[in-house]
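Below, all heavy atoms of this structure are taken into account, side chains as well, without hydrogens, waters or symmetry copies. These figures come from a predicted structure and were not determined experimentally.
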Amino acid sequence: IFIETMMDLGEAVAAVRAARECTDGPVIATMAYSPAPGGYRTMMGVTPAACAEGLLAAGADVVGANCGRVTAAEMPGLVRAMREAGAPLVAVEPNAGLPQLVEGATVYTQTPEEMAAAVPDILTAGASLVGGCCGTTDAHIRAIAAAVRAVTPTASPTA
């Protein structure tokens, strides 16, 4: 079960607990963050470390970050904070850049190559799973997968 784009830790903890009541399988829970003085915070002001600790205590197997206002290049900081809080596995799914409103349409301007360029630092920081969120296309995912394989040659070719 993948619980994602959570902004309130209490709601995320409730979702993880509910998932645990339904399955013995893996439960992944990711929060949405924004840059803040001294690091990153959810919309409700909670740090990545506090989120990781709360989600793990509730029964999540994997914690992480997706969406929000954190770019792929900034994700390593979030990964490190969660790993330092005891997260054994961390998942990240950044947007394809920050959303911009252009002529009434939401546009994500980060190219697949730009997004994939952050992957080595994300993996070095300790991420276990790397994907994409809003604005991410199949071309972005192919570029991310190629970057993962370049850093981790034993990664599955279907990554």
Side-chain angles (χ1 to χ4, degrees), residues 1-20 23-98 110 112-136 140-141 143-156 158-159:
I1 296 176
F2 203 128
I3 301 159
E4 66 174 0
T5 320
M6 300 302 289
M7 297 173 200
D8 182 289
L9 180 57
E11 290 176 353
V13 164
V16 169
R17 287 182 180 151
R20 272 288 148 236
T23 185
D24 291 328
V27 175
I28 302 168
T30 61
M31 305 290 293
Y33 296 93
S34 294
Y40 303 94
R41 299 272 193 275
T42 66
M43 183 174 75
M44 304 306 233
V46 184
T47 67
C51 287
E53 290 166 359
L55 294 169
L56 291 167
D61 298 298
V62 182
V63 298
N66 79 295
C67 209
R69 301 208 45 89
V70 179
T71 66
E74 294 171 306
M75 283 289 175
L78 281 169
V79 172
R80 281 189 292 276
M82 288 180 255
R83 295 285 294 193
E84 289 168 6
L89 300 169
V90 176
V92 295
E93 296 177 298
N95 293 338
L98 298 178
Q110 195 167 48
E113 296 75 23
E114 290 168 339
M115 198 167 174
V119 168
D121 290 339
I122 290 170
L123 294 174
T124 299
S128 309
L129 302 168
V130 182
C133 201
C134 299
T136 305
H140 288 87
I141 297 302
I144 290 168
V148 167
R149 284 192 296 276
V151 172
T152 314
T154 58
S156 165
T158 60

Original post:
Are T136 and M115 close enough, and set up right, to give a side chain to side chain contact (heavy atoms under 4.5 Å, CB included), and what steps lead you there?
Top reply: CA-CA 9 Å; T136 305; M115 198 167 174; 3.7 Å; yes
Original post:
side chain to side chain contact (heavy atoms under 4.5 Å, CB included) between V90 and L78: does it pass, once the steps are laid out?
Top reply: CA-CA 9 Å; V90 176; L78 281 169; over 6 Å; no
Subject >> Derivation and outcome, side chain to side chain contact (heavy atoms under 4.5 Å, CB included), residues T30 and I3 >> reply: CA-CA 6 Å; T30 61; I3 301 159; over 6 Å; no
Subject >> Derivation and outcome, side chain to side chain contact (heavy atoms under 4.5 Å, CB included), residues I28 and L129 >> reply: CA-CA 10 Å; I28 302 168; L129 302 168; 4.0 Å; yes
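Side chain of D121 to main chain of P76: no donor-acceptor pair is present (N/O by atom type, distance under 3.5 Å, no hydrogens or angles). Judged by distance alone, the side chain of D8 and the main-chain N or O of E11 form a donor-acceptor pair under 3.5 Å. Under a 3.5 Å cut-off, the side chain of H140 and the backbone N or O of Q110 do form a donor-acceptor pair.
From R41, atom CZ reaches atom OG of S34 across 11.5 Å, with rounding to the nearest 0.5 Å. T23 OG1 to I1 CD1: the interatomic distance, rounded to the nearest 0.5 Å, is 5.5 Å. Taking OH of Y33 as the start and OG1 of T42 as the end, the distance is 7.0 Å to the nearest 0.5 Å. Interatomic distance, C133 SG to N95 CG, rounded to the nearest 0.5 Å: 5.0 Å. Atom CE of residue M31 and atom OG1 of residue T5 lie 10.0 Å apart, to the nearest 0.5 angstrom. The line from CE of M82 to OG1 of T47 is 10.0 Å long, rounded to the nearest 0.5 Å.
Contacts of E74 classified as side-chain hydrogen bond (donor to acceptor under 3.5 Å, both in side chains), with partners at least two apart in sequence or in another chain: T71. With sequence neighbours excluded, the residues that form a side-chain contact (heavy atoms from CB on, under 4.5 Å) with A147 are A116, V119. In this structure R69 satisfies the salt bridge (Lys or Arg N to Asp or Glu O under 4.0 Å) test with no other residue, sequence neighbours excluded.
Nearest heavy atom pair, residue G68 against residue L98, reads O-CD2, 4.4 Å. Nearest heavy atoms, P88 versus L56: CD-CD2, 4.0 Å. Taking all atoms of both residues into account, the shortest heavy-atom contact from P112 to A143 is O-CB, 3.6 Å. In terms of heavy atoms, V63 sits closest to A52 at CG2-CB, 4.0 Å. When all heavy atoms of G59 and V16 are compared, the pair lying nearest together is C-CG1, 3.7 Å. Taking each heavy atom of G131 and P94 in turn, the nearest pair found is O-CD, 3.4 Å.
For the pair R20 and D61, the salt-bridge criterion is met [side-chain N within less than 4.0 Å of a carboxylate O].
Side-chain contact between V79 and T124: absent, with no pair of heavy atoms (C-beta onward) separated by less than 4.5 Å.
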